[in-house]
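These numbers come from the heavy atoms of this one structure, side chains and all, not from hydrogens, waters or symmetry mates. Everything numeric in this text was worked out from a predicted model, so none of it was measured.
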Amino acid sequence: MSEKESFRMKSKPPLVPLGTLIRRELRHGNVEKPSVNHGQAALAKKGEDYFLIKPDCQRVPGNPSTSFSVFAIFDGHNGISAAIFAKENLLNNILSAIPQGCDREEWLQALPRALVAGFVKTDIEFQQKGETSGTTVTFVVIDGWTITVASVGDSRCILDTQAGVVSLLTVDHRLEENIEERERVTASGGEVGRLNIFGGDGVGPLRCWPGGLCLSRSIGDTDVGEFIVPIPHVKQVKLSSSGGRLIIASDGIWDALSSDVAAQSCRGLPAELAAKLVVKEALRSRGLKDDTTCLVVDIIPYGYPVLPPTPRKKQNLLTSLILGKKYQNSTNKAPNKLSAVGVVEELFEEGSAVLAERLGKDLALNSNSGMFRCAVCQVDHDDVPSSQPWEGPMLCSKCRRKKDAMEGKRST
């Protein structure tokens, strides 16, 4: 991650409550959902990249008005098993952690916590298979103008708004570039260092030992040590009604292109062609050194077939507003007016690897059975200890052991 990109992540406006934004939508009559167009392109070097595209999910089955979309990339290593398992099971595990009967606002507010529970549950289930492969995951949920992104590893999701501003929605978990993760791994019992050949100077990127993994977070990797955690960084933002573009890609793209270059290389093109052009640009820049997969997702204002043109970067705010009005006046078929400047409001962001900080401190009682439900595996239990030995939600014995291992409180 470049210093410029890191600065963008640190210079954040204050969070805005989700309920406030939804009430604002209703007050201004902005209730039409945007359309979501997507494109995909890939080149295989090792055949370990997988992706998930589900544009037709529904919070309430059979009710199209509750629709949302899911896009994800799984970049496997040391084999393909973990990537395939996560692709097939992660979405269901996330949805099972969201309480039933939620309205839209409650559902979106519960989603960040459910993403954490779903990632950890998927990791526990895969490790029970006894296989040693692992996978990075970048998982994106789009509901109306609200985008929620969860990620472990070094795949990345960027947002290109209609103002031409490129924002990172993920955090890279490479040990070479993430000081906080290096400190966490060593505090949990791992060792961080470069590959040492015959006692000479270390070579290559920083790795975690045992195992030699360059990443500090992933799903799987049973042979590395459970301080390599599956707890994702989660970020939730709300777009303005001018829409925007997401570029979700594996590290085969980001090792070749910066976020700005990737966004600029495909502006003004439909999503399908844009994805192909990003992959082509990465190949031209670096060659095919790794599996290279790219998803481009356009979030388009209701009534418009494609995203409106991005204002030129040299325009000032006043010029952009004038041009925005001209564009609106020349498009008579569109039922909604477009905001001339893309604005992103941040709703939630948390990247802690401590489970208690991510799942809250409540004991979830299942009113149907009268038993307590594990916050991770969502299984009911009646053997809840009378006093919690740690400040956190109810966890079954299996998930408690997983939590302890991730925090270095037991050997693995």
Side-chain angles (χ1 to χ4, degrees), residues 1 44-50 73-87 119-120 122-138 151-156 170-233 249-256 286-293 351 353 402 404-412:
M1 187 188 304
K45 176 73 172 180
K46 297 178 289 184
E48 295 177 331
D49 275 10
Y50 288 81
I73 282 183
F74 310 89
D75 182 358
H77 48 264
N78 195 23
I80 61 175
S81 298
I84 293 175
F85 187 87
K87 175 182 176 179
F119 270 62
V120 175
T122 302
D123 180 76
I124 292 173
E125 291 175 342
F126 178 73
Q127 292 202 0
Q128 290 172 346
K129 294 169 63 68
E131 300 187 36
T132 57
S133 66
T135 185
T136 73
V137 181
T138 297
S151 61
V152 291
D154 58 358
S155 294
R156 187 184 299 175
T170 53
V171 168
D172 288 352
H173 294 128
R174 285 187 177 180
L175 291 164
E176 183 72 34
E177 301 166 7
N178 196 316
I179 297 173
E180 292 82 1
E181 286 296 281
R182 292 203 296 268
E183 293 174 347
R184 181 190 62 78
V185 167
T186 54
S188 299
E191 295 183 9
V192 175
R194 305 186 192 280
L195 185 63
N196 191 298
I197 302 176
F198 303 120
D201 294 335
V203 297
L206 287 174
R207 300 174 183 273
C208 175
W209 305 97
L213 193 64
C214 300
L215 307 171
S216 61
R217 303 196 194 190
S218 68
I219 287 179
D221 290 308
T222 310
D223 58 334
V224 175
E226 291 193 76
F227 36 77
I228 303 298
V229 301
I231 301 174
H233 170 272
S250 61
D251 65 333
I253 295 290
W254 307 119
D255 286 342
R286 187 170 180 260
L288 188 59
K289 305 291 186 181
D290 195 1
D291 293 335
T292 303
T293 304
K402 176 68 174 178
D404 289 345
M406 289 191 293
E407 296 174 4
K409 294 177 181 177
R410 73 171 178 86
S411 59
T412 60

Full working for side-chain contact (heavy atoms from CB on, under 4.5 Å) between H77 and L215: CA-CA 11 Å; H77 48 264; L215 307 171; 4.1 Å; yes
CZ on R184 to CD on E407, rounded to 0.5 Å: 10.0 Å
Rounded distance [0.5 Å steps], CD in Q128 versus CG in D123: 10.0 Å
Under 3.5 Å donor-acceptor, W209 side chain and G193 backbone: yes
E226 side chain vs M406 backbone, donor-acceptor pair below 3.5 Å: no
Sub-4.5 Å side-chain heavy-atom contact between D75 and T293: no
Atom pair SG/CD of C214 and E177 - distance to nearest 0.5 Å: 10.5 Å
Side-chain touch C208/E191, heavy atoms, less than 4.5 angstrom: no
Taking every non-hydrogen atom, the tightest pair across S81 and E131: OG-OE1, 2.5 Å
Atom pair CZ/CG of F126 and D221 - distance to nearest 0.5 Å: 8.5 Å
Nearest non-hydrogen partners of V171 and S151, listed with the distance: N-OG, 4.1 Å
L206/R182 under side-chain contact (heavy atoms from CB on, under 4.5 Å): CA gap, chis, key distance, verdict: CA-CA 9 Å; L206 287 174; R182 292 203 296 268; 3.5 Å; yes
Minimum side-chain heavy-atom gap T222-K129 below 4.5 Å: no
Any side-chain heavy-atom pair of V152 and F119 under 4.5 Å: yes
From E183 atom CD to N178 atom CG, the distance as rounded to the nearest 0.5 Å: 9.5 Å
Least distance between heavy atoms, T292 atom then D290 atom: OG1-O, 3.0 Å
Over all atoms of both residues, closest heavy-atom pair of S133 and A82: OG-N, 2.9 Å
Flag for T136-S155: side-chain donor and acceptor within less than 3.5 Å: yes
Sequence-distant partners of P210, side chain to side chain contact (heavy atoms under 4.5 Å, CB included), two or more places apart: F227
D172 with R156: basic N within carboxylate O range, under 4.0 Å: yes
Main-chain N/O of L213 paired with R207 side-chain donor or acceptor, under 3.5 Å: no
Given H173, R217, R174, the one that forms side chain to side chain donor-acceptor pair (under 3.5 Å) with E181: R217
Residue among D49, I253, D251 satisfying side chain to side chain contact (heavy atoms under 4.5 Å, CB included) with D291: D49
Nearest heavy atoms of I219 and V137, plus distance in Å: CD1-CG2, 3.9 Å
Under 3.5 Å donor-acceptor, R194 side chain and V203 backbone: no
Step-by-step side-chain contact (heavy atoms from CB on, under 4.5 Å) determination, I231 to V120: CA-CA 6 Å; I231 301 174; V120 175; 4.0 Å; yes
Trace of the side-chain contact (heavy atoms from CB on, under 4.5 Å) decision for N78 with D223: CA-CA 11 Å; N78 195 23; D223 58 334; 4.2 Å; yes
Residue pair E48 / A83: nearest heavy atoms and the distance that separates them: O-CB, 4.1 Å
Under 3.5 Å donor-acceptor, S218 side chain and G134 backbone: no
